[in-house]
> 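Let me begin by handing over the structure; questions about it come next.
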Protein chains: 2
Amino acid sequence: MAETSDFKAEPPEGIDPLGASSEGASLYQLIREDIIEGRLAANERLVVTDLARRHGTSTNPVREALQLLRGEGFVTFVANRGARVRPIDQDFVRDIYEIGVLIEPALTRWFVNMATVEDIAELERIQGLIEENNFADTFRHSELDTAFHTVMYQRHYNRHAAELWWKHREVLRAVSRRFNFTLARRAAILREHSELIAHVKAGNADEAAELIARHVEGSGRHVLEHMRARNAARAG
Amino acid sequence: MAETSDFKAEPPEGIDPLGASSEGASLYQLIREDIIEGRLAANERLVVTDLARRHGTSTNPVREALQLLRGEGFVTFVANRGARVRPIDQDFVRDIYEIGVLIEPALTRWFVNMATVEDIAELERIQGLIEENNFADTFRHSELDTAFHTVMYQRHYNRHAAELWWKHREVLRAVSRRFNFTLARRAAILREHSELIAHVKAGNADEAAELIARHVEGSGRHVLEHMRARNAARAG
DNA sequence: TTTCCATAAACAATGTATGATTTATCGCGT
DNA sequence: ACGCGATAAATCATACATTGTTTATGGAAA
């Protein structure tokens, strides 16, 4: 699994990157990243001619990229008023965490029943790196954590579910990177990952699924609490 | 609830129809329906100039509509080879049914705890129409069935989940219309809807959620069985 | 003076048309 | 079966028309 040895988490195998054609693809990816990473403000207007100038293309590919992003839900359109950045706010994050709580246990259950020794070794390797890093490098942690779960969901037969998870994951990864982990959360993550590996080894699908549900919910609660706090600080 | 008195099911309130601008919107909707209703064959090439000619527009709006459909997952792109119709095959249908089994119980649980007397009256009214129709008019049944579930999920706070459900529902509605209901399935639908209403009235959220899981799973099994049979017939 | 409103100018979205360039695809002859 | 040239099509650029939105501006009213 080459994608887990370096820092950058890769999409699960078999998920088309949606960035096919050279020019338009990078345009799409650039705008997408700007939204997900928060470099474009919530509700900011996306003016076609501006984007075209900024990226050195004509307006045509820009408009197509915006429609693609619209279909994925990262951009909203109003007739004759063009595109705006869809805000990745608390509601947004809560929504996709809740969907994760529902879907990830099912993906996990399947994984437990299908896991090979190589899979388990890979999980343990990544978990080793996570413990080694011990949250020192936030970016690295978030990549490793994503890789950990990717190993589990990567080969699931339900491609819709796996792709949905990945799409959500990309957002959550970016959002959670903006915050530091509390000590309690750090401990919970390490403990839950270890327990999960134990369940996988023992073939306890139900326990693993239940654990993942708690894991995702805990992660969501943690991020949302941070968002709330930051929001309150900004408002107060 | 005006949307349930006539034949055409409407998207849940608050779901933007994604068809904003007049021209491009209808283009998008037309192509989308052609795919969902199966008028465009699986994997069929979507040639930009053809579509433009057929719909009497220039190529630009066509390309944008295709990108939007790509983002929604109804169309696939390969670099420099353009767009193709994403096949709505057994895998596709199984995937989204399975996601429904995971998500709909959660939506239902919330509904049971929030349902007003008007909601319940509306459910009973629709259920009355469903029984009255008694599967005589397949199209009408599918619209009514959709309306029934829409009442439940319409106002859920998790807009992502509700929109995901709706997007999937539009596909499943079209697919299931291609088949007739077996007698066993008819009986199950009527029984489960009635039981569901009883659970809602009694405020039994868990029972309702469990029932919906079975309802969706049964519906999926039924449709998939039909698809399998038709596929086998075609192959044999 | 400030607030409000109508109006005009500037801006931008949307669609059309056309051409250049690159990349697939297909038919044909070897 | 293979290569090659013709055709088809995707992709991008450019320019422009039309339409609707936004903003600036100059008064009229409070």
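Source: prediction; values computed, not measured. Here is the naming used below: chain letters follow the sequence lines, and residue numbers restart at 1 for every chain.
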> Decide yes or no on side-chain contact (heavy atoms from CB on, under 4.5 Å) for B:Phe148 and B:Arg125, but give the supporting numbers first.
CA-CA 9 Å; B:Phe148 186 92; B:Arg125 190 180 73 79; over 6 Å; no
> A:Tyr28 and A:Glu72: side-chain donor and acceptor closer than 3.5 Å?
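Per modelled atom types, A:Tyr28 and A:Glu72 side chains form a pair under 3.5 Å.
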> Think B:Arg63 has a side-chain N or O under 4.0 angstrom from the OP1 or OP2 of D:dT11?
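The answer is yes; a side-chain N or O of B:Arg63 sits under 4.0 Å from OP1 or OP2.
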> In this structure, how many angstroms lie between the P atom of D:dC12 and the CG atom of A:Leu27, rounded?
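Computing the A:Leu27:CG to D:dC12:P distance gives 8 Å.
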> Of the nucleotides D:dA9, C:dT16, D:dC12, which one has an atom closest to the side chain of A:Pro61?
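Nearest to the side chain of A:Pro61 among the choices is D:dC12.
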> Counting only side-chain heavy atoms from C-beta out, which of C:dG15, C:dT14, C:dA13 sits nearest to A:Phe77?
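So the side chain of A:Phe77 is nearest to C:dT14.
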> Generate the contact string for nucleotides 18-27 of chain C. Rules: B means base contact, S means sugar-phosphate contact only, - means no protein heavy atom under 4.0 Å.
-----SSS--
> Given atom CZ of A:Arg53 and atom P of C:dC11, what is their separation to the nearest angstrom?
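Nearest whole value for this atom pair: 11 Å.
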> Start with the C-alpha distance between A:His160 and B:Phe92, add both sets of side-chain angles, then the distance that settles ring pair (Phe, Tyr, Trp, His ring centres under 6.0 Å), and finish with yes or no.
CA-CA 8 Å; A:His160 273 82; B:Phe92 188 113; 4.5 Å; yes
> Indicate, with a heavy-atom threshold strictly under 4.0 Å, whether B:Leu66 touches base, sugar-phosphate, or nothing.
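Nothing, no heavy atom under 4.0 Å.
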> With a distance cut-off below 6.0 Å to the six-membered ring centre and an angular limit of 45° from the axis, does A:Arg70 pair with A:Phe77 as a cation-pi contact?
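Judged by the rule, A:Arg70 and A:Phe77 form a cation-pi pair.
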> Kindly point out which of D:dA10, D:dA13, D:dT11 is positioned nearest to the side chain of B:Val48?
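Out of D:dA10, D:dA13, D:dT11, the nucleotide with an atom closest to B:Val48's side chain is D:dA10.
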> Using side chain to side chain contact (heavy atoms under 4.5 Å, CB included) as the criterion, list what pairs up with B:Thr146, not counting sequence neighbours.
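Expected list: B:Ala9, B:Thr150, B:Trp166, B:Arg169, B:Arg173.
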> Pair A:Phe74, A:Val171 - check side-chain contact (heavy atoms from CB on, under 4.5 Å), show working.
CA-CA 10 Å; A:Phe74 291 113; A:Val171 175; 3.6 Å; yes
> One thing to verify: whether B:Glu143 and B:Arg177 come together as a salt bridge, which I'm taking to mean a side-chain N less than 4.0 angstrom from a carboxylate O.
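A salt bridge is present here (some side-chain N lies under 4.0 Å from a carboxylate O).
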> Answer with yes or no whether the side chains of B:Tyr153 and B:Glu104 bring together a donor and an acceptor at under 3.5 Å.
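Present: a donor and an acceptor within the cut-off.
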> Calculate the interatomic distance between A:Glu64 atom CD and D:dC12 atom P; express it in whole Å.
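Taking atom P of D:dC12 as the reference, CD of A:Glu64 is at 7 Å.
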> When the distance from CG of B:Leu46 to P of D:dT11 is rounded to whole Å, what number comes out?
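It is 12 Å, rounded to the nearest whole Å.
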> Classify the side-chain pair B:Tyr157/A:Glu98 by whether it contains a donor and acceptor separated by less than 3.5 Å.
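Note: B:Tyr157 and A:Glu98 side chains meet the donor-acceptor criterion.
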> Let's test your reading of the pairing rules: Watson-Crick or G-U wobble, both distances under 3.5 Å, then write DNA chain C as a dot-bracket string with ( ), [ ], | and dots.
||||||||||||||||||||||||||||||
